[in-house]
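Naming convention: chains lettered A, B, ... in sequence-line order (proteins, then strands); numbering from 1 in each chain.
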Number of protein chains: 2
Amino acid sequence: MRKPLYRQVADGLRSEIDAGVYPPGASLPSERELSIRFDAARNTVRQGLNVLVTEGLIAPSQGRGYEVRSHDLFTLDASRFENLTLGEDQDGDAYSDEVRRAGRRPHQEFRVELQPASDEVAARLSVDVTSSTILRFCLRYVDGVPWSTQATHYPAWVVSEAPRIAEPQDIDEGTTRYLNGLGLEQMRYHDTWSTRMPTPTEARELQVGPGVPVLIWSRTGFTSAGRAIRSTVTTFRGDLNQVTYDIDTRHTPPGGDAQ
Amino acid sequence: MRKPLYRQVADGLRSEIDAGVYPPGASLPSERELSIRFDAARNTVRQGLNVLVTEGLIAPSQGRGYEVRSHDLFTLDASRFENLTLGEDQDGDAYSDEVRRAGRRPHQEFRVELQPASDEVAARLSVDVTSSTILRFCLRYVDGVPWSTQATHYPAWVVSEAPRIAEPQDIDEGTTRYLNGLGLEQMRYHDTWSTRMPTPTEARELQVGPGVPVLIWSRTGFTSAGRAIRSTVTTFRGDLNQVTYDIDTRHTPPGGDAQ
DNA sequence: GAGTGGTCTAGACCACCAA
DNA sequence: TGGTGGTCTAGACCACTCC
């Protein structure tokens, strides 16, 4: 019971990549060369290469060969990024500032939709399913590369108190600051982290191929009275992003919140 | 320029799965049946099925067919799970309690190692590379299924003040509570979230196949004086886990922490 | 033993990219 | 134009699972 040939191809190439024989950005030998080297049919070599593709280690491009992926991560500081004193979370400055701070060039595509609440959104916002919500959706780029998407749902009652939420334009001072000015302050957040492989739609939006998962950050903001103001889902390309928090327990109450 | 056959197979089956024709847990028709239905070679059908495998939608098993994966997520409440008043994060009760609270059966495999600090660990703990650290490593199961791994590194100075950290046994009252009792309180945390495909080692430990990413939570705990006490990396199976936080801004200082 | 997926071959032709 | 990956075929034999 020996190791299958295609696994030998995958393991052999993986260890060479790890050893730096093929550094990030380098090209692997062609499939036809590898099939001679490993004395295997081209399809078998392809099967081995495919293992590394789905591991996120290499990416093929037609006509050019297989390239070793680099895995430098852009770090988003969530503590700084979303912060009541700076006051912004979606459309405007905080995100772009954070990107520019890293010496990169930000760009966003933005749209607003009126949507009935899905089961999930309704549960997060504690509203009836099919009640209306405003969706503010944003596709974000860094240096021209699709980076993440952000979808924020606002319940109808927020829209009636803060009508500019429903307008299909950026809110210059930032949505959070705008809401704050109307007395809709977010005092508590409920965050959820998860990961999965992208859906075909996400793969198209974020222009990712096989082997690249997405990192999903879901944040619901509540008033001090515990009413949900908004629910934001940010979907990051997992190969390009990590997110950091700083948490200081010195000022949190001893009991914490019951959920 | 029509859609490739294997994509038609993948898209056709995906939409049937989404529509509930093949609900979670159901088996797909066999490759040989599908190759008749789509009038394609078996290899072509396999290529299409492989797309769905790497999307995490289905899982093959030899001799039994392709099964539609279910995607129920176990939710870990990080606010409750790791908390100074309850006081535990690694070996003992908090994790097991959290699992039992959900009506599931927890189990852990545990080991302790003496390790030179890697570049990454050294940076997080602000110690010299190759200086000694204690690694407390834990592989966690829920209902007998591998669920997550947790690796905590402690710098040498902590070990000299809290020698039981280096003993290859559980610390009954919990490591955090034990450290607290010695005046080594964690007052500030630096968390990082990321995702990627598992390494071959991780795939073996967590028994995951292709198409399942891992969710990585890295937490470094600091004393009130800002000295790093420990660095914990928790690696979750992405198909089984999500993690929630509750954040209350009412008691945090206005400025936040500089990073 | 019958049926399933897993591995592998040898070849064909197409689409894309660079020189 | 020549080399690269992308798609596809038809068939072989193996390993595993369940009856």
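Contact annotation: B:R64 reaches the phosphate of D:dC18 (side-chain N/O to OP1 or OP2, under 4.0 Å). For D:dG3, neither phosphate oxygen OP1 nor OP2 lies less than 4.0 angstrom from any side-chain nitrogen or oxygen of A:S30.
With rounding to whole Å, B:R7 atom CZ is found 8 Å from D:dT7 atom P. Distance, A:Q47 CD to C:dT9 C1': 12 Å, rounded to whole Å. Counting to the nearest Å, the C1' atom of C:dC8 and the CZ atom of A:F38 are 16 Å from each other. The interatomic distance linking A:L34 (CG) with D:dG3 (P) rounds to 16 Å, in whole Å. If you measure from atom CZ of B:R46 to atom P of D:dT7, you get 16 Å, rounded to the nearest angstrom. Whole-Å rounding puts the B:Y66 OH to D:dT17 C1' distance at 15 Å. For A:I36 and C:dT9, the CD1 to C1' distance is 16 Å, given to the nearest whole Å. The interatomic distance linking B:K3 (NZ) with D:dG6 (C1') rounds to 16 Å, in whole Å.
Of the candidates C:dG5, C:dT9, D:dC8, C:dT9 carries the atom nearest the A:T44 side chain, counting heavy atoms from C-beta on. Side-chain atoms of A:Y6 lie closest to C:dT7 of the nucleotides D:dT7, D:dT4, C:dT7. Looking at the side chain of B:P4, the nearest of the listed nucleotides D:dC8, C:dT4, D:dT4 is D:dC8. Closest contact between the side chain of A:E31 and the listed nucleotides C:dA18, D:dT17, D:dG6 involves D:dG6.
Scanning all heavy atoms of the two residues, the minimum distance from A:D239 to A:L73 falls at O-CD2, 3.5 Å.
Salt-bridge check for B:E98 with B:R140: failed, with every basic side-chain N at 4.0 Å or more from each acidic carboxylate O. Taking 4.0 Å as the cut-off between side-chain N and carboxylate O, A:K3 and A:D11 count as a salt-bridged pair.
Under the 30°/60° scheme for interplanar angles, the aromatic rings of B:Y245 and A:Y245 are found to lie parallel.
Under the 4.5 Å side-chain criterion, counting only non-hydrogen atoms from C-beta, B:E205 is not in contact with B:P146.
Between A:W193 atom CH2 and B:Q242 atom CD the span is 13.0 Å, to the nearest 0.5 Å.
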Please write out the pairs of protein N or O atoms and N or O atoms of nucleotides 10-14 of chain D separated by less than 3.5 Å, giving the distance to one decimal.
residue: D:dA10; atom: N6; partner: B:N43; partner atom: ND2; Å: 2.6

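Map A:G63 and B:P60 each onto its nearest nucleotide of DNA chain C; the residue landing nearer the 5' end is B:P60.
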Return all side-chain donor-acceptor pairs below 3.5 angstrom for residues 41-49 of chain B, not counting sequence neighbours, or 'none' if the list is empty.
residue: B:R42; atom: NE; partner: B:E31; partner atom: OE1; Å: 2.7
residue: B:R42; atom: NH2; partner: B:E31; partner atom: OE1; Å: 3.0
residue: B:R46; atom: NH1; partner: B:E31; partner atom: OE2; Å: 2.8

